[in-house]
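First comes the structure, then the notes that go with it.
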Amino acid sequence: MFHLMPYRDLPSDFDKHYQSAYIDPVWFDVADPDKVGQYYNWTLDELIYAANAGMHGLCTNQHHQNVYGFMANPSLMGSVLARATQGQNVAIIQIGSTLPSTSPPTRIAEEYGILDCLSGGRLVAGFPRGLPTDATISNGVVPIDQRERFDEALDLTLKAWSAKEIFAWNGTHYQLPMVNLWPRPIQQPHPPIWIPGSSPTTVEYVTERDFNFAHLSYAGAKNAETLGDYYWDTVTKKGRDANPYRLTFLQLVGVSPTDAAAEEYAPHVEYFYHKLLHTPAYYQAIPGHQDYPSMMRQLKAPLRERPDTSVMTYKDFVDRGFVITGSPATVRDQLVEAVKRLRIGHLLTLLHFGSMPHELCLQNIDLFTREVLPALEDLWDDEWEDRWWPERLRAKRPMPAVAGGEV
Amino acid sequence: MAAADRRLNLWQGKVETQVLVQGDGPPLVFLHGPWGLRADGDFIGRLAQTHTVYAPKHPGTTPGDPDAIYCLDDWLDLLVYYGELFDRLDLRAPAVVGYSFGGMVASELAAAMPERVGQLVLIDPLGLWREERPVTNWMILPEARCRQALFADPEGEVARGFFALPDDRDARADAQADMTWSLACTGKFVWPIPDRGLKKRIHRIGAPTLILWGEEDRVIAPAYAQDFAAPIRGARVELIAGAGHLPHLEQPDRVTALVHDVLRA
């Protein structure tokens, strides 16, 4: 289960007052710190509840200066989850800390080392590059350097995790005289690595390195055909196998007892798309964030369409497949179809979104894990081994499953 | 005299640079701003009436070599690179005219290598920072606000032309790419705050200096003109009425007259 930890009680006219969910909302004008404390606790409670209900993985993520989701340091959340799920068959999926905006990045290598030790080898090490607003505005990273810093930081992290000798690092962006990381992860040479992305350059990078590619789309599986095709074409071209577990996909899901009852998600879906995703291009498409080939692709033949979600209603989001809501049977059928069509090995389910109250989130988790998850768990297992999952969990669960984990 | 393009191979063969060369007379280097050279043709033509103008594209913005930008890491690299470019063009001490980002580069070259800049014209240059009047971050502005920041008359012909894009889909994408990549490449050296410590070095400038500033510059307030002038001995300041951040585009007659005036001296 994936969680963004959003601000759940924005005023109804928030999107009229602010051009952007990022950067612009001033804390003292919008936020109540006691409420925010409650959100962090609910978020952790919901994820722990999901683990107890049978979810296979719990996902946290890093964002800054916004109302959309503000686990500013996901390792803090991940460490609570690792501790609370001690001994359980559930992965701690950090997807994750943003290397280019942390200096030196060995700080993240250490935090992930702690999480892997603390969880008993249950870490999935996700490495997002970071949204432009996060990396370049909140953290001051030079836009055109972001990718280069990421590449160098990940190389440094991988070496720091497994090097048997103390080494010096003389890079373009980082210089360290003596690297001898404490602690190192249990999983050697490194935990499974998942990289979120949507650009051709990231697809190629991830495929070449044989990492897991995580497409964290909010447009739904129905609209992921172009990128899915591009991804699997690249996998074929690079001579990689068609193992579905190399692909992760995020989907908003709302399960209710009946199709009619699923209307209960309507205000929270609209809140999510209208208020939380209300971020203009001038903040999210800062010049240099995309490298030249990806920028040209975006201008001439985009892999990802960006529809105007501000004018769409709940019905539109459902009809156009942005969200999958309904009875367990409806959700199950749509997810099984999507998973097979896109060859998704790991399905991240966003079971909390927008203004959804705590109780509704728990119902969603309950119905999902009981009625939907069993149909997804073993879809690929007779044919493929999940090489992007913690080894100790693979052994314990011969037929791996997910929800914020894998299918 | 018609403009011609020269292509230089610099920086251990890793950076291709297109230099527009136009005119006849003493050498003048023209350094463009964050948005590229696209709109500067007319002004370069005016300078070329009395000078041989060399207008290089900043590293990474030369068509066909976008990855060149990854071969220079920082501000020091950029200055040394421009020293090399001057050498390659055999320019001993040319006049240097730069606006915005190009003005910042020109200031630093004149401060770091005073003997290599004969005369200096700074048009609304970046490079200094006032806490109470921060420079507007031009890289994260929506077009409407960018237009207001750059031009005294945001709805005027010049402003509209500056952002105009071709109708043809491919040509349109190329034009957008040219501007976006130019912002990205120049931004590499100044993000997130366009202050690389020039205030510690600016007193080294020895060239006769003219500082021009659009009275309605809403990227960098005209008050900065005095901050530039104060440490430079004999610097002359002229504020340009009816102009924003790009006075050479909005008031080309006035700017050209002032530049010619100082270059003749």
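Just so it is clear: chains get the letters A, B, ... in the order the sequence lines come, proteins before strands, and each one is counted from 1.
Heavy-atom pairs under 4.5 Å with chain A peak, among B:Pro192, B:Ser182, B:Ala173, B:Pro142, at B:Pro142. For the options A:Asp145, A:Thr136, A:Val141, heavy-atom pairs under 4.5 Å to chain B are most numerous at A:Thr136.
Ion pair B:Asp65/B:Arg7 not flagged as a salt bridge, since none of the NZ, NE, NH1 or NH2 atoms sits closer than 4.0 Å to an Asp/Glu carboxylate oxygen.
Neither the backbone nor the side chain of A:Gln19 comes within less than 4.5 Å of any heavy atom in chain B. Neither the backbone nor the side chain of B:Cys146 comes within contact range of chain A; no heavy atom of the residue lies under 4.5 Å from a heavy atom of that chain. Contact annotation for B:Ile193: neither backbone nor side-chain heavy atoms come within less than 4.5 Å of a heavy atom of chain A. Using a 4.5 Å cut-off between heavy atoms, B:Phe189 makes no contact with chain A at all. Residue B:Asp170 touches chain A through both its backbone and its side chain, counting heavy-atom pairs closer than 4.5 Å.
Counting heavy atoms from C-beta outward, A:Asn61 and A:Pro128 have side chains that stay 4.5 Å or more apart. By the 4.5 Å heavy-atom criterion applied to side chains, B:Leu141 and A:Tyr282 are not counted as neighbours.
When each of A:Ile95, A:Thr98, A:Asn73 is checked for a side chain to side chain contact (heavy atoms under 4.5 Å, CB included) with A:Gln62, only A:Thr98 meets the rule.
Applying the side-chain hydrogen bond (donor to acceptor under 3.5 Å, both in side chains) definition to pairs two or more places apart or across chains, none involves residues 149-169 of chain B.
Between A:Phe317 and A:Phe272, the ring centre distance reaches or exceeds 6.0 Å.
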